[in-house]
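Notes follow the structure.
We count ligands from 1, going down the list as the structure has it; atoms in each ligand are counted the same way. One-based numbering along the sequence shown.
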Amino acid sequence: MSFTIVEQVTPRLNRSELAVPASNEKLFEKAATSAADVIFLDLEDAVAPDEKEQARKNAVAAIRDIDWGDKTLSVRINGLDTHYMYRDVIDLIEQAGDRLDLIMIPKVGTASDIYAVDMLVTQAEQAMGRTKKLGFELIIETALGMANVNEIAAASPRIESLHFGVADYAASTRARTTVIGGPNPLYGVLTDKDGDAPRDYHWGDMWHYAIARMVVAARANGLRPVDGPFGDFSDPDGFKAQANRAAVLGCEGKWAIHPSQIALANEVFSPSDAEVEKAKRILEAMEQATREGKGAVSLDGRLIDIASIKQAENLVEKAERIGSA
Ligand code: GLV
Ligand code: MG
């Protein structure tokens, strides 16, 4: 282990994160009683410029008046390049009370962006005597943000999670796509020529590098990596495939841009009974090994060692938080 200890952020379930445009008040009550782990009220890209002021008022009122149960509640503020952003932060802190847990900062480009928002939030919190400190969720969705992702991830103790915003990332990198998330059939490999035998074409995941890079930056700083939106809400299989590959790479969860995606995300990002059972058996086997002074043993014909303990502990801990262990 390194001499540098990575502190883990406040543990929270973040399997599903429901996006709710703050301009559409009709959606709030349903969101509050949904099964989403985290909800963010959106003041940014789902809200047209003419509706920004009203959306902000709606968000403030909703945070105060609606019973959000034990959900983690967040608001996506506008970007630092707009004049809406400072007022978003100030009104939320001065008027919305203490229920708000996080603010989500879009299109983060440099660590200084976080420094600037941190300064504003810190001053407003102090002025209000707010004792519950707001956490930050950051969207990595530009070429600049991805190029600086390591510095960004370490920019403030308020940061809890990094999110991959595939739509803006595609626009920023000029990737060839016009949809939100999902593969592009042009991104693939053709197997080598083998005489006259038919050749196979394998689709690849054009977002693999970006997500893997963000996951590493997040985990190296004790943060939760979360995969962003999948736009085609009439394609549950497509959503699950995207969610599964993000889960396999280490993401904690995925956005739901439609209520139908919440259950899918919760399912994919919850360890299965079989996985929990296996993890518990690994922990038992390793306890036995430790008692016998061994560092590694075999279980079901496979090697397990001290690294397996941490993996199994992570899994059991998550299942306990979900209430399924
Ligand atoms: C999310 O904000 C995205 O751009 O995908
Ligand atoms: Mg975006």
Side-chain angles (χ1 to χ4, degrees), residues 14 16-24 27 31 36 38-49 51-52 55 59 74-82 84-85 88 102-110 113-114 117 136-149 152-153 159-184 205-215 217-218 223-233 235 238-239 241-243 245-246 249 251-258 261-262 264-265:
N14 208 158
S16 51
E17 176 139 356
L18 180 65
V20 182
S23 45
N24 195 344
L27 303 176
V38 183
I39 292 175
F40 76 84
L41 302 176
D42 191 11
L43 301 178
E44 199 222 13
D45 278 358
V47 178
E51 297 184 309
K52 294 279 187 198
S74 180
V75 171
R76 177 161 76 169
I77 60 172
N78 284 285
L80 275 74
D81 58 333
T82 73
Y84 304 113
M85 174 257 159
D88 293 343
L102 306 169
I103 58 175
M104 175 182 267
I105 309 173
K107 300 184 182 71
V108 177
T110 67
D113 287 345
I114 304 309
V117 182
F136 290 170
E137 311 183 278
L138 313 182
I139 318 183
I140 304 300
E141 52 182 345
T142 59
L144 184 64
M146 193 59 84
N148 292 320
V149 68
I152 290 170
I159 307 171
E160 290 199 6
S161 53
L162 301 184
H163 299 242
F164 179 56
V166 66
D168 275 302
Y169 187 76
S172 172
T173 56
R174 302 184 192 215
R176 285 239 201 135
T177 180
T178 49
V179 294
I180 299 183
N184 181 329
D205 178 7
M206 65 192 280
W207 311 116
H208 173 87
Y209 168 73
I211 296 182
R213 185 168 173 179
M214 185 196 76
V215 167
L223 314 176
R224 295 185 295 277
V226 178
D227 190 25
F230 180 69
D232 186 353
F233 55 81
D235 181 8
F239 178 92
Q242 293 292 296
R245 67 59 157 121
L249 284 177
C251 285
E252 290 273 318
K254 183 162 175 62
W255 290 13
I257 49 99
H258 186 271
Q261 295 178 337
I262 298 171
L264 302 172

Between Ile105 and Leu80, does the side chain to side chain contact (heavy atoms under 4.5 Å, CB included) criterion hold? Intermediate values first, please. CA-CA 8 Å; Ile105 309 173; Leu80 275 74; 3.9 Å; yes
Let's go through Lys107 and Asp113 carefully: what are the C-alpha distance in whole Å and the side-chain angles of both, what is the deciding distance for salt bridge (Lys or Arg N to Asp or Glu O under 4.0 Å) to 0.1 Å, and is it a yes or a no? CA-CA 10 Å; Lys107 300 184 182 71; Asp113 287 345; over 6 Å; no
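- Close approach to Gly165 involves these atoms of ligand 1, each under 4.0 Å from a residue heavy atom: 1 (C), 3 (C), 4 (O), 5 (O).
- Among protein heavy atoms, the minimum distance from atom 5 (O) of ligand 1 is reached at Ala167 N, 2.8 Å.
- Taking the six-membered ring where the residue is Trp, Phe164 and Trp207 present tilted rings, their angle falling between 30° and 60°.
- Minimum heavy-atom separation, Val47 to Ser23: CG2-OG, 3.8 Å.
- Nearest heavy atoms, Gly109 versus Asn148: O-ND2, 2.9 Å.
- Nearest protein neighbour of atom 1 (C) of ligand 1, counting heavy atoms only, is Glu141 OE1, 3.4 Å.
- For ligand 1, the atoms closer than 4.0 angstrom to any heavy atom of Pro229 are 5 (O).
- Atom CD1 of Ile211 is separated from atom CE of Met146 by 8.5 Å, given to the nearest 0.5 angstrom.
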Please walk me through it: do Met85 and Val117 pass side chain to side chain contact (heavy atoms under 4.5 Å, CB included)? CA-CA 9 Å; Met85 174 257 159; Val117 182; 3.7 Å; yes
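- Salt bridge annotation for Asp45-Arg76: absent, with no cationic side-chain nitrogen under 4.0 angstrom from a carboxylate oxygen.
- Applying the 4.0 Å criterion to heavy atoms of Asp168 picks out, from ligand 1, the atoms 3 (C), 4 (O), 5 (O).
- Annotation: Trp255 places no N or O atom under 3.5 Å from an N or O atom of ligand 1; distance criterion only.
- Annotation: Ile180 places no N or O atom under 3.5 Å from an N or O atom of ligand 1; distance criterion only.
- Using a 4.5 Å heavy-atom cutoff, the side chains of Leu138 and Leu223 are not in contact.
- Take the Mg ion (ligand 2) and draw a sphere of radius 2.8 Å; the protein N/O/S atoms inside it number 2.
- Although no hydrogens or angles enter the test, the distance criterion places a donor-acceptor pair under 3.5 Å between the side chain of Lys52 and the main chain of Glu44.
- When only interatomic distances are considered, the shortest N/O to N/O separation between Glu44 and ligand 1 does not fall below 3.5 Å.
- Below 4.0 Å from some heavy atom of Arg76 lie the following atoms of ligand 1, by number and element: 1 (C), 2 (O).
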